[in-house]
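First listed ligand is number 1; within each ligand, the first listed atom is number 1. One is the number of the first residue; the rest follow in order along the sequence.
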Amino acid sequence: MSTHIGAKPGEIAERVLMPGDPLRAKWIAETYLEDAKCYSTVRNMFGFTGTYQGVRVSVQGSGMGMPSASIYAHELINDYGVNTLIRVGSCGALSESIKLRDVIAAIGSSTDSNMNRMRFDGLIDYAPVADFGLLRTAVDVAARRGIQMHVGPILAADAFYTDRPDLYDTLADYGVLAVEMESAALYTIAARFKARALTILTVSDHIKTGERTTSEEREQTFTEMVQVALDTAIA
Ligand SMILES: O=P(O)(O)O[C@H]1O[C@H](CO)[C@@H](O)[C@H]1O
Ligand SMILES: O=c1cc[nH]c(=O)[nH]1
């Protein structure tokens, strides 16, 4: 067991999908994996391992926000030898060119979090980016499956509810497609410990139009994102 994950050594696959929502993890495991077994219920942050097309894959909930996601990414890599982490999350679209339920692969993640400022002593604005190989594979997989996937930069924000929507408009002017709450930390930790990471998102909320999906939809219906992530994980 690590501090926050109740798995024994060897119970977690080298390739892990990471939704923020632990019930999305359960749905993915039950829907897509064969012989899925739950290896952790610590804090109800469920983790499962099974096989997808004959390859061992795990799905681990990571919670909301960078402090929580950082814990799971750190322990998966350092305590369980995970080398491939693919976040499968929900996000808010910042631009009207993006529609509700669209799929986005995050090439890089800006952030308003202070975590990397502390890491680099306030002297460097580190640029957290996706693993190029995973991103290239995900683009190929999406094309093969006929799934339209946007590829571009996103924002990982500390707060879900912002007092500064004007900054979201400015970010959109600079090409930032969407906001979520984990990827800057995921990309940074993966880089630090020599693992590969990619974030794939489904638009659950539209910041410009106010449209939103239900919590049940966020849990159980983002199938295109999950299919791209699974095919990418085993490639
Ligand atoms: O749906 P998940 O993966 O949790 O991702 C998004 O949803 C949560 C906010 O509702 C944040 O964790 C955000 O990043
Ligand atoms: O608007 C949204 C939707 C999902 N996740 C976020 O962080 N923001």
Evaluate [X] for polar contact with ligand 1, using N/O atom pairs at a separation under 3.5 Å.
X: R87; answer: yes
X: M181; answer: yes
X: R24; answer: yes
X: G89; answer: no

For this session: Group every Ile, Leu, Val, Met, Phe, Trp and Tyr by side-chain heavy-atom contacts under 4.5 Å, then state whether M45 and L85 land in the same group.
Result: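 Same cluster: M45 reaches L85 through Ile, Leu, Val, Met, Phe, Trp or Tyr contacts under 4.5 Å.
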Problem set entry | Within one Ile-Leu-Val-Met-Phe-Trp-Tyr cluster: V176 and V151, side-chain cutoff 4.5 Å |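 Not linked; separate clusters.
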For this session: List for me each residue that meets ring pair (Phe, Tyr, Trp, His ring centres under 6.0 Å) alongside Y32, sequence neighbours excluded, and say none if there are none.
Result: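 Expected list: W27.
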Closest approach of any protein heavy atom to [atom], naming residue and atom:
atom: atom 7 (O) of ligand 1; result: S90 OG, 3.1 Å
atom: atom 10 (O) of ligand 1; result: F160 CE1, 3.5 Å
atom: atom 4 (O) of ligand 1; result: G20 CA, 3.4 Å

For this session: Run the numbers for me: atoms of ligand 1, each under 4.0 Å from some heavy atom of D21, listed by number.
Result: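 Result: 4 (O).
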Exercise. Short list, please: which atoms of ligand 1 are under 4.0 Å from a heavy atom of M64?
Worked result: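 In order of numbering, the contacting atoms are 8 (C), 9 (C), 11 (C), 12 (O).
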Problem set entry | Listed once per pair and sorted, the ring pair (Phe, Tyr, Trp, His ring centres under 6.0 Å) pairs that draw on residues 156-206, sequence neighbours left out |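 Passing the test, one end in residues 156-206: H74-F193.
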Exercise. In order of chain and number, which residues sit within 4.0 Å of ligand 2 by heavy atom?
Worked result: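 Residues S90, C91, G92, F160, V179, E180, M181, S204, D205, I207 each place a heavy atom under 4.0 Å from ligand 2, listed by chain and number.
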Problem set entry | Contact summary for S62 and Y72, nearest pair of heavy atoms |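 Nearest heavy atoms, S62 then Y72: O-CD1, 3.5 Å.
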Problem set entry | Any residue meeting salt bridge (charged side-chain N to carboxylate O under 4.0 Å, His left out) with R218, in chain and number order, not counting sequence neighbours |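 Partners of R218 under the salt bridge (charged side-chain N to carboxylate O under 4.0 Å, His left out) test: D205.
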For this session: Assess the side chains of S109 and S183: does a donor N or O sit below 3.5 Å from an acceptor N or O?
Result: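 Checked: S109/S183 side chains show no N/O donor-acceptor pair below 3.5 Å.
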Problem set entry | Winner among E219, R218, E182 once heavy atoms are compared against atom 11 (C) of ligand 1 |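 Selected option, by shortest heavy-atom distance: E182.
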